[in-house]
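To find a chain, count down the sequence lines: A is the first, B the second, and so on, and within it residues start at 1.
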4 protein chains.
Amino acid sequence: MTRRSGGKRERLTDAAARVLHEQGVEKTTLADIARAADVPVGNVYYYFKTKDDLVEAAIGTHGDALRSTLAALDELPTPPDRLKGLVRGWVDQRELAARYGCPTGTLATELDKRADGLDRKIAAHMRALVDWAERQFDAMGRDDARELAVALIAAYQGISVLTNTFREPELMAVEGRRLQRWIDSL
Amino acid sequence: MTRRSGGKRERLTDAAARVLHEQGVEKTTLADIARAADVPVGNVYYYFKTKDDLVEAAIGTHGDALRSTLAALDELPTPPDRLKGLVRGWVDQRELAARYGCPTGTLATELDKRADGLDRKIAAHMRALVDWAERQFDAMGRDDARELAVALIAAYQGISVLTNTFREPELMAVEGRRLQRWIDSL
Amino acid sequence: MTRRSGGKRERLTDAAARVLHEQGVEKTTLADIARAADVPVGNVYYYFKTKDDLVEAAIGTHGDALRSTLAALDELPTPPDRLKGLVRGWVDQRELAARYGCPTGTLATELDKRADGLDRKIAAHMRALVDWAERQFDAMGRDDARELAVALIAAYQGISVLTNTFREPELMAVEGRRLQRWIDSL
Amino acid sequence: MTRRSGGKRERLTDAAARVLHEQGVEKTTLADIARAADVPVGNVYYYFKTKDDLVEAAIGTHGDALRSTLAALDELPTPPDRLKGLVRGWVDQRELAARYGCPTGTLATELDKRADGLDRKIAAHMRALVDWAERQFDAMGRDDARELAVALIAAYQGISVLTNTFREPELMAVEGRRLQRWIDSL
DNA sequence: AATGAATGAGATTTCATTCAT
DNA sequence: CATGAATGAAATCTCATTCAT
């Protein structure tokens with residue numbers, strides 16, 4: 001709710017969300033984020049008590065983005081439309097995935113090495129995504145909705161890893177087509 | 001290849017391979033690795049010029065493990081046997097994956113944030129794996145061998161991410177059965 | 001002496017006096033004091049140019065308290081009554097002393113490490129206390145009034161240190177009885 | 001037991017003991033201590049994991065000094081001799097007390113504001129001193145040995161505070177004579 | 001007068017790397 | 001070859017003080 005003074009807090013979380021995705025949590029310094037947000041380093045601590053607090057806020061930003069993406073998809077008429085819309089979004093982002101991977105996936109992978117609560121925060125977002133997909137498959141009358149949902153999200157996470165590792169956006173496009181056909185076949 | 005002095009070099013690379021997988025590259029200090037290998041810190045630099053050199057050696061160790069796994073699978077009679085053997089290996093490692101993810105995948109994800117050559121080293125191992133799978137599908141007479149290979153490895157990487165994020169080894173087991181059926185269906 | 005604006009200045013000095021006693025000068029931040037006084041941090045500087053100015057005001061508050069204590073004792077009929085009244089006051093405060101020590105003594109001890117004038121301010125209060133005791137002993141006809149006064153105040157400061165160090169309020173009570181007997185014996 | 005490389009660790013604890021006494025714990029930076037010991041700041045952390053660890057070591061140094069002082073006094077023939085020897089030592093140190101107070105007392109006063117274990121460490125030294133004095137009074141056949149011991153140490157702590165506050169070493173000398181007479185009178 | 005926000009200097013701490021023996 | 005010790009650059013974090021409104 002704090003929106004005074006040019007939305008500096010928001011600028012910081014946005015910059016953090018982007019930079020942490022690009023550089024990873026451990027490699028990114030507060031100075032990196034402060035610079036990207038054009039805020040003096042010392043000032044960051046006015047808004048966030050620790051670096052982890054800022055990381056948490058950035059995770060929240062990614063979660064917000066995910067939520068609004070899913071909300072937009074919910075406007076589509078049928079469950080298969082929605083699922084295919086999700087896949088289309090992934091394909092649209094393939095250049096970013098090739099360079100930095102899926103934000104949720106790479107953050108989850110990095111944070112899972114730690115035992116603080118941050119890993120649970122990002123896991124919650126991943127779970128929200130799987131849950132959403134499950135609801136779509138369920139609406140399509142599938143008994144194995146959960147398994148299908150896991151398979152879909154896993155397919156995306158997996159191809160993100162390969163797309164990123166091989167720096168080949170085209171891989172995402174190919175897999176996207178495969179997933180579209182698969183959804184249609186259900 | 002040097003095997004002098006009580007295999008200290010090997011102890012270091014082995015320890016590095018394990019600890020880097022468990023803790024991640026950035027969170028792991030040289031001291032962590034030295035301790036795990038029971039080698040004095042100062043001594044590490046006799047064997048490795050920099051930390052990155054040691055990371056590279058650890059990547060090599062993971063590559064060796066992968067190569068010998070594939071070599072063992074090559075002993076199996078038919079390509080589907082080999083592919084299903086690969087999947088079985090993944091399922092067998094599901095507890096490790098739940099705790100730390102796939103070594104190759106998590107290392108690739110972390111190193112891809114950097115642009116210093118190490119990311120290309122780990123990418124090479126990932127490529128070797130895809131190539132091997134492609135050869136199997138090719139031997140099965142599939143025209144779309146490359147695409148199938150990518151899909152298989154992506155499925156594994158993806159379920160590794162979810163297994164790790166949710167700390168649920170069972171996800172890997174379920175996906176393993178799905179992949180087995182899929183291979184049989186080809 | 002300014003009493004405008006809801007006595008904010010007074011609230012600040014009172015809070016400072018208390019918090020500085022409890023936490024010590026160096027460990028206490030301006031924010032701590034502002035919070036305790038329920039005054040916005042930025043506002044403190046309207047009343048006090050620097051942190052040291054506020055510390056000085058807090059010292060003044062302790063001095064005021066001391067002065068009014070002595071003024072009240074001056075109402076008692078005889079010098080021994082007054083001295084024993086002083087001792088009784090110390091014993092009454094023993095729980096506070098056990099937790100945080102004598103305010104004057106602990107502040108003096110901490111400020112004496114500095115050479116910036118504040119140490120002289122607190123020394124003045126300590127001197128006022130010794131002077132008052134000297135006047136009582138003098139009125140009792142003692143030639144060694146100064147020496148006795150120093151001994152009395154030192155006894156209190158010393159037992160405050162021990163009471164605080166050992167967290168044993170009872171020490172103060174025992175020493176109080178000893179001092180009462182001693183005063184009676186003069 | 002580590003005594004290599006020019007006893008740098010010892011140099012650090014000695015410097016810390018001195019500088020912390022002179023400047024107080026909170027006002028003293030690691031850089032201050034490192035400079036006094038002629039050791040690079042970064043190197044301090046090779047010997048002490050945190051600043052508090054170094055403070056603890058410095059407290060230990062003060063404790064060692066106290067112990068050896070008492071051990072030397074134990075060589076004196078009679079308990080009164082020993083107690084008066086203790087007092088003589090205090091008087092001999094009066095210039096230091098006038099400038100910085102009693103090391104044990106001022107450290108105890110400052111550390112008692114904190115709730116970590118360091119306050120208990122310094123309290124232990126203070127207790128050792130009281131215990132030693134109690135043993136002497138006990139050996140003199142006094143039933144009230146504990147109370148006398150507390151009174152003696154309190155007298156010293158108290159006069160240290162005044163000597164320091166007023167910057168008057170002579171106060172310690174006067175009180176020393178008073179305590180000598182008092183011991184003789186028992 | 002009042003105050004949320006801003007700032008920068010400085011403190012603690014970490015760690016890859018180097019050095020002396 | 002081996003190794004405990006050393007080093008300095010850089011990162012996180014704190015806080016008195018100032019600023020803009």
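For the pair A:Val44 and B:Asp52, nearest-nucleotide mapping onto DNA chain E gives the more 5' position to A:Val44. Comparing C:Ala31 and D:Val39 against DNA chain F, the residue whose closest nucleotide sits nearer the 5' end is D:Val39. Taking the nucleotide of DNA chain F with the nearest heavy atom to each of D:Gly42 and C:Lys51, the more 5' of the two is matched to D:Gly42. With DNA chain E read from its 5' end, the first of the two nearest nucleotides for D:Val41 and B:Glu26 is the one closest to D:Val41.
Protein atom CZ of C:Phe48 is 14 Å distant from nucleotide atom P of E:dA1, rounded to whole Å. Separating the OH atom of B:Tyr47 from the P atom of E:dT18 is a distance of 18 Å, rounded to the nearest angstrom. Atom CG in A:Asn43 sits roughly 16 Å away from atom C1' in F:dT12 (whole-Å rounding). If you measure from atom CG of B:Leu54 to atom P of E:dC15, you get 16 Å, rounded to the nearest angstrom. When the P atom of E:dA2 is taken as reference, atom CZ of C:Arg9 falls 13 Å away, rounded to whole Å. Between B:Asp32 atom CG and E:dC15 atom P the separation is 8 Å, expressed in whole Å. Here F:dA11 presents its P atom at 16 Å from NZ of B:Lys27, a figure rounded to the nearest Å. Computed from coordinates, the B:Leu12 CG to F:dT3 P distance equals 11 Å when rounded to whole Å.
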Practice item. Decide yes or no on salt bridge (Lys or Arg N to Asp or Glu O under 4.0 Å) for B:Arg114 and B:Asp52, but give the supporting numbers first. Key: CA-CA 12 Å; B:Arg114 309 165 42 163; B:Asp52 273 6; 3.0 Å; yes
Review point. Can you check salt bridge (Lys or Arg N to Asp or Glu O under 4.0 Å) on C:Glu22 and D:Lys113, steps first, answer last?
Key: CA-CA 7 Å; C:Glu22 290 174 3; D:Lys113 306 286 184 191; over 6 Å; no
**Study point:** Watson-Crick and G-U pairing of DNA chain E, under 3.5 Å, as dot-bracket with | and [ ]
**Key:** .||||||||||||||||||||
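Smallest separation of non-hydrogen atoms from B:Pro40 and B:Ala34: C-CB, 4.5 Å.
Closest approach to the A:Thr29 side chain among F:dA2, F:dA11, F:dT3 is made by F:dA11 (side chain taken as heavy atoms from C-beta onward).
In this structure, C:Arg11 is not positioned above the aromatic face of C:Tyr47 in the sense of NZ or CZ being under 6.0 Å from the six-membered ring centre and within 45° of the axis.
The pair C:Lys27-C:Asp32 fails the salt-bridge criterion, with no side-chain N (NZ, NE, NH1 or NH2) lying under 4.0 Å from an Asp/Glu carboxylate O.
An OP1 or OP2 oxygen of E:dT7 is reached within less than 4.0 angstrom by a side-chain nitrogen or oxygen of A:Lys8. Put simply, D:Tyr46 has no side-chain N or O that comes within less than 4.0 Å of OP1 or OP2 on E:dT14. Within the structure, every side-chain polar atom (N or O) of C:Tyr45 is placed at least 4.0 Å from both OP1 and OP2 of E:dT3.
When heavy atoms are screened at a 4.0 angstrom cut-off, C:Leu30 is found touching base atoms of the nucleic acid.
Side-chain atoms of A:His125 do not come within 3.5 Å of backbone N or O of A:Thr104 as any donor-acceptor pair.
With a 4.5 Å cut-off on side-chain heavy atoms, D:Leu12 and D:Phe48 count as touching.
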